[in-house]
Undergrad: 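Here you go, one structure.
Values in this document were obtained by computation on a predicted structure and should not be read as measured data. A note on names: the letters A, B, ... follow the listed sequences, proteins ahead of strands, and every chain is numbered from 1.
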2 protein chains.
Amino acid sequence: MTSREAKGIRTLSEDLRLACMRISRRVRFESGDVIAPHQFSVLCRLEHGPLTPRALADVENVSAPSMTRTVGGLVDDGYVTRSEHPDDGRQVLVTITDAGQDVLATTRRRRDMWMVERVTELSADERVTLTEAAQILTKIAAR
Amino acid sequence: MTSREAKGIRTLSEDLRLACMRISRRVRFESGDVIAPHQFSVLCRLEHGPLTPRALADVENVSAPSMTRTVGGLVDDGYVTRSEHPDDGRQVLVTITDAGQDVLATTRRRRDMWMVERVTELSADERVTLTEAAQILTKIAAR
DNA sequence: TATTGTTATACTCTATAACTATA
DNA sequence: TATAGTTATAGAGTATAACAATA
């Protein structure tokens, strides 16, 4: 790799990072979320099956008492339910409700709408470029 | 616009938004920031000149008392200083210090490094695509 | 009288330490 | 003895209401 290419990578990385962070920030502030970020994140984890508070705390990188509180709030709002674990009396299963699935879908729809409004204003060529870029960015986000 | 194109826009928008938000989240969690997000944001605002707490509160969309507290913390950490406004005895000027400029530069360097590591692993073709995409995403973030 | 900044107070989310119940 | 979950308590960051100083 030449030094010119290395400088290009630094510039590209900086431009990409800044754009992604600015877009993310604006989506969070301007899409009219009805639930808090930490609540949304937990509901996403429960989308494809119940989890214990311990598992939720680990995957969300928060303490067990914090997750107790977060789950408590979601229960109060009717977005999840607590039930006994079938095999282990110490554990609890947290399950998303229909209302929880609804708020998840609504939040995503409103967030996507923010981006749709902007992508619609682009040229067809720009959308082709972004379609290729989206695959690469998705790969970056996952690696 | 055909219905097929509309569906493409929705899918593209969703993919782009998710990738941007995931990248943003990982940068924030994995780049080892030494200051809190709200502190970083305020320091950025002060980068090109002093501002009053009132102006900072407005641009950051927080209350005046919250900004009093945030500025107080930055003063305690040595990243900004408070001084009298030359023309208006009610107002205060908040100015970034050299240490504040340093922490800003360090934070950006570490955040960019996260992205450089990933962009380096891509093919030259993929980087060409992302170079075009970065311009479009920057436009989206600004509009 | 309006504006700037701060203080008083309260609510939320976070944490660590201690406690209860179960494995 | 170890683990899961909760409760007790405290530390940040946010807010609104009230206050002092200045325009």
Side-chain angles (χ1 to χ4, degrees), chain A residues 25 28-30 32-46 49-96 100 103 107, chain B residues 25 28-30 32-46 49-96 100 103 107:
Chain A
R25 179 185 173 88
R28 280 185 289 117
F29 278 79
E30 297 172 19
D33 280 5
V34 291
I35 55 173
H38 68 294
Q39 292 180 311
F40 178 77
S41 194
V42 166
L43 285 184
C44 287
R45 304 290 188 178
L46 298 173
L51 290 173
T52 65
R54 176 72 266 166
L56 285 169
D58 286 344
V59 77
E60 290 291 310
N61 276 300
V62 297
S63 67
S66 288
M67 189 49 67
T68 291
R69 186 181 175 83
T70 297
V71 168
L74 290 170
V75 168
D76 290 345
D77 293 341
Y79 297 144
V80 305
T81 55
R82 271 190 262 238
S83 58
E84 293 176 6
H85 193 288
D87 304 333
D88 187 335
R90 297 170 303 180
Q91 296 188 50
V92 169
L93 283 178
V94 184
T95 306
I96 191 169
V103 79
T107 300
Chain B
R25 179 185 173 87
R28 279 184 291 115
F29 277 80
E30 297 173 19
D33 280 5
V34 292
I35 55 172
H38 67 293
Q39 292 180 311
F40 178 78
S41 194
V42 166
L43 286 184
C44 287
R45 305 291 188 180
L46 299 173
L51 290 173
T52 65
R54 176 72 268 164
L56 286 169
D58 286 344
V59 77
E60 290 292 309
N61 276 298
V62 296
S63 67
S66 288
M67 190 49 67
T68 291
R69 186 182 177 82
T70 296
V71 169
L74 290 170
V75 169
D76 291 345
D77 293 341
Y79 297 144
V80 305
T81 55
R82 272 189 263 238
S83 58
E84 292 176 6
H85 193 289
D87 304 332
D88 187 336
R90 297 170 303 178
Q91 297 188 50
V92 168
L93 283 179
V94 183
T95 305
I96 191 168
V103 78
T107 300

Undergrad: Both B:Val92 and A:His38 contact DNA chain C. Taking the nearest nucleotide for each, which residue is further toward the 5' end?
TA: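 So the residue in question is B:Val92.
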Undergrad: Among residues 52-62 of chain A, which contact DNA chain C at a heavy-atom distance under 4.0 Å?
TA: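 Here the set is A:Asn61, A:Val62.
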Undergrad: Which nucleotide of DNA chain D is the first, and which the last, in the 5' to 3' direction, to come under 4.0 Å of a heavy atom belonging to chain B?
TA: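 Reading along DNA chain D, I get D:dA12 to D:dA23.
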Undergrad: Over all heavy atoms of both residues, which pair between B:Met67 and B:Val62 is shortest? Give the atoms and the distance, please.
TA: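 That closest heavy-atom pairing would be CE-CG2, 3.6 Å.
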Undergrad: Just how far is it from atom CD of B:Glu84 to atom CZ of B:Arg90, taken to the nearest 0.5 Å?
TA: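 Between atom CD of B:Glu84 and atom CZ of B:Arg90 there are 14.5 Å.
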Undergrad: Distance from A:Gln39 atom CD to A:Cys44 atom SG, nearest 0.5 Å?
TA: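 Rounded to the nearest 0.5 Å, the CD-SG separation comes out at 12.0 Å.
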Undergrad: Answer whether the closest heavy-atom distance between the side chains of B:Arg45 and B:Leu43 falls below 4.5 Å.
TA: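 Not in contact.
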Undergrad: Below 4.0 angstrom, which residues in residues 63-75 of chain B have at least one non-hydrogen atom near DNA chain D?
TA: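 Within this stretch, B:Ser63, B:Pro65, B:Ser66, B:Arg69, B:Thr70 sit under 4.0 Å of the strand.
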Undergrad: With sequence neighbours left out, what residues match A:Val34 under side chain to side chain contact (heavy atoms under 4.5 Å, CB included)?
TA: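 Only A:Val103, A:Thr107, A:Arg110 meet the side chain to side chain contact (heavy atoms under 4.5 Å, CB included) criterion with A:Val34.
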Undergrad: Do B:Gln91 side-chain atoms and B:Asp88 backbone N/O form a donor-acceptor pair below 3.5 Å?
TA: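 No, the answer is negative, given that no donor and acceptor are paired below the 3.5 Å cut-off.
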Undergrad: Could you list the donor-acceptor pairs under 3.5 angstrom formed between side-chain atoms of residues 49-59 of chain B and any protein atom two or more places apart in sequence or on another chain?
TA:
{"residue": "B:Thr52", "atom": "OG1", "partner": "B:Ala55", "partner atom": "N", "Å": "3.1"}
{"residue": "B:Arg54", "atom": "NE", "partner": "B:Asp58", "partner atom": "OD1", "Å": "3.4"}
{"residue": "B:Arg54", "atom": "NH2", "partner": "B:Asp58", "partner atom": "OD1", "Å": "2.9"}

Undergrad: Is there side-chain contact between A:Glu60 and A:Val42, with heavy atoms separated by less than 4.5 Å?
TA: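 Yes - at least one pair of side-chain heavy atoms lies under 4.5 Å apart.
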Undergrad: Is the closest side-chain heavy-atom distance between B:Arg82 and B:Leu93 below 4.5 Å?
TA: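 No - every pair of side-chain heavy atoms lies 4.5 Å or more apart.
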Undergrad: Between atom CG in A:Asp76 and atom P in C:dT12, what is the gap in whole Å?
TA: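 Taking CG of A:Asp76 and P of C:dT12, I get 11 Å after rounding.
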Undergrad: Could you tell me the separation between the CG atom of B:Asp88 and the P atom of C:dG5, rounded to a whole number of Å?
TA: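 From B:Asp88 CG to C:dG5 P: 8 Å.
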Undergrad: Output a table of donor-acceptor pairs, distance under 3.5 Å, between side-chain atoms of residues 68-81 of chain B and any protein atom two or more places apart or on a different chain; print 'none' if there are none.
TA:
{"residue": "B:Thr68", "atom": "OG1", "partner": "B:Ala64", "partner atom": "O", "Å": "3.2"}
{"residue": "B:Thr70", "atom": "OG1", "partner": "B:Ser66", "partner atom": "O", "Å": "3.2"}

Undergrad: A:Asp77 has an atom CG; how far is it from atom P of C:dT12, in whole Å?
TA: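 Answer to the nearest Å: 11 Å.
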